[in-house]
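Note that the structure is a prediction, hence the values are computed from the model and not measured.
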Amino acid sequence: MRITTKCSIAIHCLLFIYEYGEIRKITSELLALSTGCNPAAIRSIISALKKEGILSVQPGTGGTKLACAPEEITLYRICMALEPSALRKLIGLHPLPSVYCPIGRNIHGVLEATYEKIRADMQESLQSLTLQDVIEQYRLCDS
């Protein structure tokens, strides 16, 4: 799975919201300053996370908060909220192998079976890591 910058930005935003959401109003403009992204991109990410039930957003400029506990928010859940087809796009297949070659005729089936194991391992790994794990790692790095 190519985890795009959208997922990294989302995790950054969630960490920021967790750390500062109780002491100040979190807006897309504030998150844009922290992440180095434009506010429109942040709003798109927040919208996807809200739809997934990860965030709650107050109407207008009321701010953003986590809608559930950090240990309930897996990295898989975050990534799938932003890129639902990411696991299918984990590893690309070359599109035009020769049908006249025994290997070319069968390579997609062979590779798909192999790549499915990799996808399953990636999914399991992403499901085992939570926002709480990221928070703990952040606190180790910040101290």
Does Gly21 offer a backbone N or O that forms a donor-acceptor pair with the side chain of Lys65 under 3.5 Å? yes

Ignoring hydrogens and angles, tell me if any N or O in the side chain of His108 forms a donor-acceptor pair with the backbone of Pro95 under 3.5 Å.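 Answer holds: no.
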
Would you please test Ile42 and Glu29 for side chain to side chain contact (heavy atoms under 4.5 Å, CB included) and show each step? CA-CA 8 Å; Ile42 297 297; Glu29 288 76 17; over 6 Å; no

Please give me the minimum heavy-atom distance between [X] and [Y], naming the atom from each residue.
X      : Y      : answer
Leu93  : Glu112 : CD1-OE2, 3.2 Å
Leu82  : Ala48  : CD2-CB, 3.7 Å
Gly53  : Cys68  : O-SG, 3.9 Å
Arg105 : Val99  : CG-O, 2.9 Å
Lys25  : Leu30  : O-CD2, 3.8 Å
Leu49  : Ala81  : CD2-CB, 4.3 Å

In sequence, state the C-alpha distance, the side-chain angles, and the governing distance for Arg24 and Ile26, and then conclude on side chain to side chain contact (heavy atoms under 4.5 Å, CB included). CA-CA 6 Å; Arg24 67 184 304 175; Ile26 307 297; 4.1 Å; yes

Arg77 meets the salt bridge (charged side-chain N to carboxylate O under 4.0 Å, His left out) criterion, sequence neighbours left out, with Glu52

[atom1]/[X] to [atom2]/[Y] distance, rounded to the nearest 0.5 angstrom?
X      : Y      : atom1 : atom2 : value
Leu129 : Ile73  : CG    : CD1   : 13.5 Å
Gln127 : Met80  : CD    : CE    : 9.0 Å
Ser44  : Asn38  : OG    : CG    : 10.0 Å
Cys13  : Ile54  : SG    : CD1   : 12.0 Å
Asp133 : Ser128 : CG    : OG    : 7.5 Å
Ile135 : Leu15  : CD1   : CG    : 6.0 Å

Quick one: do Tyr76 and Leu87 satisfy side chain to side chain contact (heavy atoms under 4.5 Å, CB included)? Show the steps, please. CA-CA 10 Å; Tyr76 178 78; Leu87 282 178; 3.6 Å; yes

My understanding is that only residues two or more places apart in sequence, or in another chain, count here; which of them pass side chain to side chain donor-acceptor pair (under 3.5 Å) with Lys51?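 Not a single residue meets the side chain to side chain donor-acceptor pair (under 3.5 Å) criterion with Lys51.
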
Under 4.5 Å between any side-chain heavy atoms of [X] and [Y], yes or no?
X     : Y      : result
Pro97 : Ile103 : no
Ile46 : Leu31  : yes
Thr74 : Leu126 : no
Leu55 : Leu14  : yes

Give a yes or no on whether Tyr18 and Leu33 share a hydrophobic cluster (residues Ile, Leu, Val, Met, Phe, Trp, Tyr; joining criterion: side-chain heavy atoms under 4.5 Å apart). no

Just do the salt bridge (Lys or Arg N to Asp or Glu O under 4.0 Å) check on Arg139 and Glu136 with the steps written out, would you? CA-CA 5 Å; Arg139 291 191 172 157; Glu136 290 169 11; over 6 Å; no

Flag if over 12 foreign heavy atoms under 6.0 Å of CD1, Ile23: yes

